[in-house]
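All remarks here apply to the structure that follows.
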There are 2 protein chains.
Amino acid sequence: MEKNKMIRIKDIAKLSGVSVGTVDRVIHKRGKVSEAARQKVEKVLKEIDYTPNLLAKTLGSSKVYKIALLVPNPKQDPYWNLSLQGLEASKVEWRPYHMVLEPHFFELHDFGSFKSASKKLMDSKPDAVLSAPIFLNEALEFFKELDELNIPYVHFNTMIPDVSPLAFIGQDLYQSGRLGASLINLGTDCNNNTVSILHVSESIQFSVHFKEKERGFRDYFSSLNNGIVTVSSVIIEGDDMKSFESKLIEAIKKDKIKGLFIPTSSGAKLTAEILRKNKLSDMCIVGYDLLEENVELLKSGDINFLINQNPNRQVFRGIHHLANLLLFNKQAPEKELFPLEVITRENVDSYIKSTIH
Amino acid sequence: MEKNKMIRIKDIAKLSGVSVGTVDRVIHKRGKVSEAARQKVEKVLKEIDYTPNLLAKTLGSSKVYKIALLVPNPKQDPYWNLSLQGLEASKVEWRPYHMVLEPHFFELHDFGSFKSASKKLMDSKPDAVLSAPIFLNEALEFFKELDELNIPYVHFNTMIPDVSPLAFIGQDLYQSGRLGASLINLGTDCNNNTVSILHVSESIQFSVHFKEKERGFRDYFSSLNNGIVTVSSVIIEGDDMKSFESKLIEAIKKDKIKGLFIPTSSGAKLTAEILRKNKLSDMCIVGYDLLEENVELLKSGDINFLINQNPNRQVFRGIHHLANLLLFNKQAPEKELFPLEVITRENVDSYIKSTIH
DNA sequence: TTGAAAGCGCTAACAG
DNA sequence: CTGTTAGCGCTTTCAA
């Protein structure tokens with residue numbers, strides 16, 4: 001079944017008639033090898049299937065790898081706080097392999113703080129970077145810089161154009177929108193309804209993210225042929241929060257809205273409070289992510305579904321790929337798409353209890 | 001932040017005034033240590049926080065651990081085939097740590113084959129066992145034997161009484177039944193319906209499993225106060241397959257069944273085929289697990305929901321716990337409950353694509 | 001440009 | 001009973 005013995009550098013050395021030192025130099029391209037020796041070794045390497053022993057490798061080496069994280073300040077937004085939990089899990093996972101993980105935070109609505117955070121990050125000379133690509137265009141120069149210095153980086157949460165990270169970790173946002181639509185379709189009893197997508201104080205920087213979800217949402221309903229469902233959209237801008245309530249209520253009354261799709265994780269709570277206050281309880285609401293407040297709302301029946309983006313695991317996997325690259329030189333898949341998890345009142349506890357996930 | 005240096009056996013030796021050999025003997029309780037030396041070392045151990053370096057440990061040791069798996073023959077049932085995929089993932093995960101994983105199969109309906117498989121398993125002298133506890137009572141003596149030999153074992157899939165494995169990995173089956181009920185409740189348009197749980201050729205051995213699901217299913221509907229839903233149950237026994245069709249159709253007609261809950265992963269296909277043949281399309285069906293056939297049915301709209309039990313990951317986690325025990329002496333949690341994953345036509349692809357999960 | 005050799009932290013065999 | 005020592009496979013000097 002299994003190969004009898006693992007092949008060691010020593011074996012390769014013997015086979016190619018050189019010393020272990022030379023083999024090591026060839027494998028790691030550390031130069032200082034004659035053309036003749038290099039060819040002999042590479043010939044052998046081609047013929048056999050050598051996998052270095054990770055244990056011996058990190059035990060024998062003093063090199064410490066540093067992976068830097070660049071994310072919005074978790075104190076500002078519970079969503080990013082969730083993602084940070086993945087960092088802690090990663091720390092214990094990789095500590096044995098000399099991997100140091102350092103988060104760098106910036107303020108969501110302050111480009112200046114992004115500038116300075118990314119500067120500090122670069123100063124720390126990381127071997128790799130995991131980043132949530134906020135401030136899209138403005139941050140392009142940051143990714144350029146990483147490219148130039150040959151520092152590998154992985155993106156998560158939102159896929160952005162014109163950048164080619166080593167990998168992207170996240171969900172299919174279009175499909176996420178479709179799923180949200182299908183859940184609302186399930187939850188609203190009859191046809192002949194209006195449903196609406198509610199954009200509540202979304203950062204402009206994320207427009208791609210929410211546009212994709214909206215596209216999926218609308219496509220789902222327009223491809224539905226059994227009933228007439230109208231899709232509208234309500235937009236609540238950044239400092240519009242005072243008029244949020246009146247605007248929302250007005251739209252609901254005018255369009256007879258029966259279903260609300262809220263693509264921001266923190267929008268559900270604001271909305272549910274308004275609906276409750278105005279005694280509008282026959283509404284089907286789909287929100288995002290297992291924030292504590294959202295879990296409450298699900299249990300109390302104020303909202304009907306959540307779609308879980310699993311930000312903590314996104315970070316965990318992002319670091320996994322980076323570590324694998326640094327340690328084994330193993331290429332990550334270009335895209336790792338996460339499952340679109342449907343959370344209801346009846347399965348939410350099972351998600352919260354499952355520690356790992 | 002981090003401790004400056006990791007503490008090594010060498011340090012402990014110096015602190016307690018003995019040699020590394022003695023420290024090693026104390027730590028591993030290999031005897032051959034004088035009371036005086038033991039006390040000195042243990043005093044130091046108590047004061048500092050020593051964590052052995054796993055890399056050095058497995059590198060320096062020739063010990064190979066063997067974990068045996070005892071599961072139904074995957075060729076007989078696609079469900080168990082899924083679970084076996086977790087084995088392959090575990091193999092690559094743990095190979096670097098000298099962990100050998102060996103499956104042992106038995107036939108689902110043949111107690112004799114269970115006997116001989118478990119016998120062979122014991123003969124292979126495993127260091128730990130992961131098992132799906134089929135043949136409940138009949139297998140008790142097997143677990144007794146493991147207890148006596150002090151071989152740790154973990155159960156997955158179904159929790160059984162009167163046995164205390166190191167850990168149980170699986171789902172809350174009662175809640176799973178409730179979830180199934182809630183999905184059917186969503187999927188059937190109006191109230192005043194009959195819904196039914198369909199027991200199709202379930203192994204008697206699993207009765208606990210299905211009883212729990214049924215209990216949750218019934219409880220959900222009886223706690224519902226907004227509509228009158230009647231719950232019936234249709235039982236198709238092992239060799240009753242010829243009369244399956246007539247029996248099912250008869251029940252549907254008689255009770256005006258609008259929703260079917262099918263707690264076996266392989267039951268959905270049989271049922272869906274019959275319904276399609278008899279042109280009964282306005283039925284809400286909830287089945288289990290991402291068998292290829294079930295995925296097809298979900299996509300074609302013949303069934304409405306699947307609840308994913310994630311058997312492959314159950315195996316993966318079970319082995320994870322066992323390996324952690326053998327390697328680090330790290331205790332596993334008594335129960336690891338998995339999230340109850342809701343699969344619909346709109347998110348099924350996202351689950352299939354996500355390799356890891 | 002090369003080979004030899006000294007670690008990395010732990011285990012296990014071997015003399016005392 | 002106890003200390004010493006030779007590996008485990010790889011990295012990283014250091015001479016040659």
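To find a chain, count down the sequence lines: A is the first, B the second, and so on, and within it residues start at 1.
- Residues meeting the side-chain hydrogen bond (donor to acceptor under 3.5 Å, both in side chains) test with Gln85(B), sequence neighbours left out: none.
- Partners of Phe106(B) under the ring pair (Phe, Tyr, Trp, His ring centres under 6.0 Å) rule, at least two apart in sequence or in another chain, are Phe114(B), Phe135(B).
- Scored by the ring pair (Phe, Tyr, Trp, His ring centres under 6.0 Å) test, Phe143(B) finds Tyr153(B), His155(B) as partners (sequence neighbours excluded).
- Between the C1' atom of dC10(C) and the CG atom of Asn53(A) lies a distance of 14 Å, rounded to the nearest Å.
- Less than 4.0 Å separates DNA chain D from no heavy atom of any residue of residues 320-332 of chain B.
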Determine whether Trp80(A) and Asn157(A) satisfy the following criterion, side-chain contact (heavy atoms from CB on, under 4.5 Å), listing intermediate values before the conclusion.
CA-CA 10 Å; Trp80(A) 297 107; Asn157(A) 195 67; 3.9 Å; yes
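- Residues Leu101(B) and Met99(B) form a side-chain contact, since some pair of their non-hydrogen atoms from C-beta on lies under 4.5 Å apart.
- Using a 4.0 Å cut-off between a side-chain N of Lys or Arg and a carboxylate O of Asp or Glu, Asp123(B) and Lys120(B) do not qualify as a salt bridge.
- Applying the side-chain hydrogen bond (donor to acceptor under 3.5 Å, both in side chains) test to pairs two or more places apart or on separate chains, those with a residue in residues 35-44 of chain A are Glu35(A)-Arg38(A), Glu35(A)-Gln39(A), Arg38(A)-Glu42(A), Lys43(A)-Glu47(A).
- A cation-pi arrangement is absent between Lys144(B) and Phe142(B) under the rule of less than 6.0 angstrom and at most 45 degrees off the ring axis.
- Applying the side-chain hydrogen bond (donor to acceptor under 3.5 Å, both in side chains) test to Lys115(B) and every residue at least two apart in sequence or in another chain returns Glu141(B).
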Scan nucleotides 11-16 of chain C nucleotide by nucleotide, 5' to 3', and note B when protein non-hydrogen atoms come under 4.0 Å of the base, S if they reach only the sugar-phosphate, - if neither.
SS----
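- With respect to Arg8(B) and Asp11(B), a salt bridge is recorded, a charged nitrogen being found less than 4.0 Å from a carboxylate O.
- Residues from residues 39-48 of chain A placing a heavy atom under 4.0 Å of any atom in DNA chain D do not occur.
- Because its NZ or CZ atom is both nearer than 6.0 Å to the ring centre of Tyr65(B) and within 45° of the ring axis, Lys63(B) counts as a cation-pi partner of that residue.
- Both Ala36(B) and Leu54(A) lie close to DNA chain D; mapped to their nearest nucleotides by heavy-atom distance, the more 5′-ward contact belongs to Ala36(B).
- The nucleotide range of DNA chain D contacted by chain B, defined by atoms under 4.0 angstrom from heavy atoms of the protein and reported 5' to 3', is dC1(D) to dG9(D).
- Rounded to an integer number of Å, the gap from CG of Asp11(B) to P of dG9(C) is 9 Å.
- No option in Thr58(A), Asp127(A), Val100(A) other than Val100(A) meets the side-chain contact (heavy atoms from CB on, under 4.5 Å) test with Val64(A).
- Defining each end axis of the helix from dT1(C)-dA16(D) to dG16(C)-dC1(D) as the rotation carrying four pairs' C1' atoms onto the next four, with five pairs an end, the two axes are found to diverge by 60° to 10 degrees.
- With sequence neighbours excluded, no residue forms a salt bridge (Lys or Arg N to Asp or Glu O under 4.0 Å) with Asp147(B).
- Scanning for side-chain hydrogen bond (donor to acceptor under 3.5 Å, both in side chains) contacts around Ser131(A) gives an empty result, with sequence neighbours left out.
- The backbone N or O of Pro339(A) sits less than 3.5 Å from a side-chain atom of Gln171(A), completing a donor-acceptor pair.
- Regarding Lys32(A), its NZ atom lies at a distance of 11 Å from the P atom of dT2(C), rounded to whole Å.
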